[in-house]
Number of protein chains: 2
Amino acid sequence: MIKKNKTAYCPVDYAFQRIGGKYKGRILWYLKDGIMRYGELKRIVEGITPKMLTQTVRELEEDKLIIRKVYKEVPPRVEYRLSETGKELIPFIDQMRIWGERQMAME
Amino acid sequence: MIKKNKTAYCPVDYAFQRIGGKYKGRILWYLKDGIMRYGELKRIVEGITPKMLTQTVRELEEDKLIIRKVYKEVPPRVEYRLSETGKELIPFIDQMRIWGERQMAME
DNA sequence: ACAAGTAGGTACAATTTGGTACCCTATAGA
DNA sequence: TCTATAGGGTACCAAATTGTACCTACTTGT
């Protein structure tokens, strides 16, 4: 991910810092329909390694875009869902998806 | 910039690959109102070095998000503007900006 | 004569990001 | 007993990205 500049003066910069990174957009997108467990995300986000998934969801949690809920069970269960702030991003990501689809079709 | 994966199966991924990177969002945003010259961009995109500006605009040009026009004059003159494809991204970036502003205000 | 404004280019170094391999706990099932 | 599954952690390494410093050519202004 792009290094967080705590004094980002530009809101465009600020926003891109929070959803930049190789997997963040996809993770947010896949969470749009509700709650997902760690293993589900790992299966659906193609190519992601456990390390990167953990790292990425932790960053999203720190930025308060998702909520991470740990159940103290064995075997462990951890659920992820969008926060209210995170949900606000979904329409934009949807626009990006539509744009991306059109571009991909044009190639 | 995130490495381009030519076989990006996911349109969300595809889109983020094209506007990821430390300065791309801001450059596109600053070009929304029309044509800008290299030097103008350098002044307005705070913190960017000449090398990164050149590199970034070339990548945006390759991805057909901006159009680069060189005038064979001395001193040199190079103008940048959004392509039609690039213009389509502006509403999205604008929403990101609004979201970013709100978040920044909440901190 | 010399600096500044143009729009860069290049080599190298530093930083950031991502990947590999291996480790953990505890339980259910064969 | 051995394996699989859950959701990770950690050390080390490789790759990608960004930054630093210095260079180019040509013209106008002082």
Side-chain angles (χ1 to χ4, degrees), chain A residues 1-8 10 13-14 16-27 30-31 35-63 66-81, chain B residues 1-8 10 13-14 16-27 30-31 35-63 66-81:
Chain A
M1 199 201 60
I2 296 163
K3 188 188 177 182
K4 237 169 285 176
N5 176 5
K6 296 290 183 189
T7 59
C10 172
D13 208 20
Y14 178 100
F16 275 85
Q17 282 174 12
R18 267 144 197 88
I19 59 161
K22 193 165 179 180
Y23 304 106
K24 287 192 179 175
R26 275 148 84 195
I27 290 178
Y30 291 132
L31 287 176
I35 290 171
M36 293 195 88
R37 293 186 61 179
Y38 180 92
E40 293 180 277
L41 282 172
K42 191 151 69 87
R43 279 186 292 275
I44 206 170
V45 180
E46 253 189 78
I48 200 167
T49 58
K51 182 196 137 185
M52 285 312 297
L53 179 52
T54 299
Q55 192 175 304
T56 306
V57 291
R58 292 293 165 86
E59 284 172 6
L60 289 170
E61 191 194 12
E62 250 186 78
D63 282 340
I66 67 172
I67 293 168
R68 182 168 168 272
K69 188 167 183 184
V70 183
Y71 293 85
K72 283 193 187 298
E73 300 175 357
V74 167
R77 186 153 66 100
V78 185
E79 290 180 348
Y80 300 92
R81 60 194 172 85
Chain B
M1 199 200 60
I2 297 162
K3 189 189 176 182
K4 238 170 284 175
N5 177 5
K6 295 292 184 187
T7 58
C10 171
D13 207 22
Y14 177 99
F16 276 87
Q17 282 173 11
R18 264 147 199 83
I19 59 161
K22 192 166 180 180
Y23 303 106
K24 286 191 179 176
R26 275 148 82 196
I27 290 178
Y30 291 133
L31 286 176
I35 290 170
M36 293 195 89
R37 294 185 60 179
Y38 180 92
E40 293 180 277
L41 282 172
K42 191 152 69 87
R43 278 186 292 274
I44 207 169
V45 181
E46 251 189 80
I48 199 167
T49 57
K51 183 197 136 182
M52 284 312 296
L53 179 52
T54 300
Q55 192 175 305
T56 307
V57 291
R58 293 293 165 84
E59 285 173 6
L60 290 170
E61 191 195 11
E62 251 186 76
D63 281 339
I66 67 172
I67 293 168
R68 182 169 167 271
K69 188 168 182 184
V70 183
Y71 293 85
K72 284 193 187 294
E73 299 174 1
V74 166
R77 186 152 67 100
V78 184
E79 289 180 348
Y80 300 92
R81 61 196 170 84

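Protein chains get the first letters and strands the later ones, always in sequence-line order, with residue 1 at the start of each.
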>> With a 3.5 Å distance limit and no angle check, can you tell me whether B:Tyr38 reaches the backbone of B:Pro50 through a side-chain donor-acceptor pair?
In response: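 It does hold such a pair.
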
> Do B:Arg81 side-chain atoms and B:Lys69 backbone N/O form a donor-acceptor pair below 3.5 Å?
Replying inline: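 Checked: no pair found.
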
Nearest whole angstrom, please: distance from the [atom2] of [N] to the [atom1] of [X].
X: B:Glu61; N: C:dA7; atom1: CD; atom2: C1'; result: 14 Å
X: B:Glu73; N: D:dT28; atom1: CD; atom2: C1'; result: 14 Å
X: A:Leu53; N: D:dA6; atom1: CG; atom2: C1'; result: 13 Å
X: A:Arg68; N: D:dA6; atom1: CZ; atom2: P; result: 16 Å
X: B:Arg26; N: D:dT18; atom1: CZ; atom2: C1'; result: 13 Å
X: A:Lys42; N: D:dA4; atom1: NZ; atom2: P; result: 14 Å
X: B:Leu41; N: C:dG8; atom1: CG; atom2: P; result: 10 Å
X: A:Gln17; N: C:dT16; atom1: CD; atom2: P; result: 12 Å

> Contact class for B:Tyr80 vs. all strands (heavy atom < 4.0 Å): base, sugar-phosphate, or nothing?
Replying inline: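 Here B:Tyr80 touches the backbone only, sparing every base.
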
Per [X] side chain, nearest of listed nucleotides [options]:
X: A:Thr49; options: C:dT20, D:dG9, D:dG19; value: C:dT20
X: B:Lys51; options: D:dG7, D:dG19, C:dG8; value: D:dG19
X: B:Thr54; options: D:dT18, C:dG9, D:dG9; value: C:dG9
X: A:Arg43; options: C:dG9, D:dA6, D:dG8; value: D:dA6
X: B:Arg58; options: C:dG8, D:dG7, C:dA7; value: C:dG8

Does OP1 or OP2 of [N] have a side-chain N or O of [X] closer than 4.0 Å?
X: A:Tyr23; N: C:dG19; result: yes
X: B:Arg77; N: C:dG8; result: no
X: B:Lys22; N: D:dG19; result: yes
X: B:Arg37; N: C:dA7; result: yes

> Want to settle it: does B:Met52 or A:Tyr38 sit nearer the 5' end of DNA chain D, counting the closest nucleotide to each?
Replying inline: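 The residue mapped nearer the 5' terminus is A:Tyr38.
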
> Step by step, would you call A:Leu60 with A:Ile27 a side-chain contact (heavy atoms from CB on, under 4.5 Å)?
Replying inline: CA-CA 9 Å; A:Leu60 289 170; A:Ile27 290 178; 3.8 Å; yes

> Stepwise, does the side-chain contact (heavy atoms from CB on, under 4.5 Å) test hold for A:Cys10 with B:Glu46?
Replying inline: CA-CA 9 Å; A:Cys10 172; B:Glu46 251 189 80; over 6 Å; no

> Do you know which two heavy atoms are closest between A:Lys24 and A:Asp63, and how far apart they sit?
Replying inline: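 That closest heavy-atom pairing would be NZ-OD2, 4.4 Å.
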
> Does B:Val78 or A:Pro76 map to a spot on DNA chain C nearer the 5' end, using the closest nucleotide for each?
Replying inline: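 Nearer the 5' end of the strand: B:Val78.
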
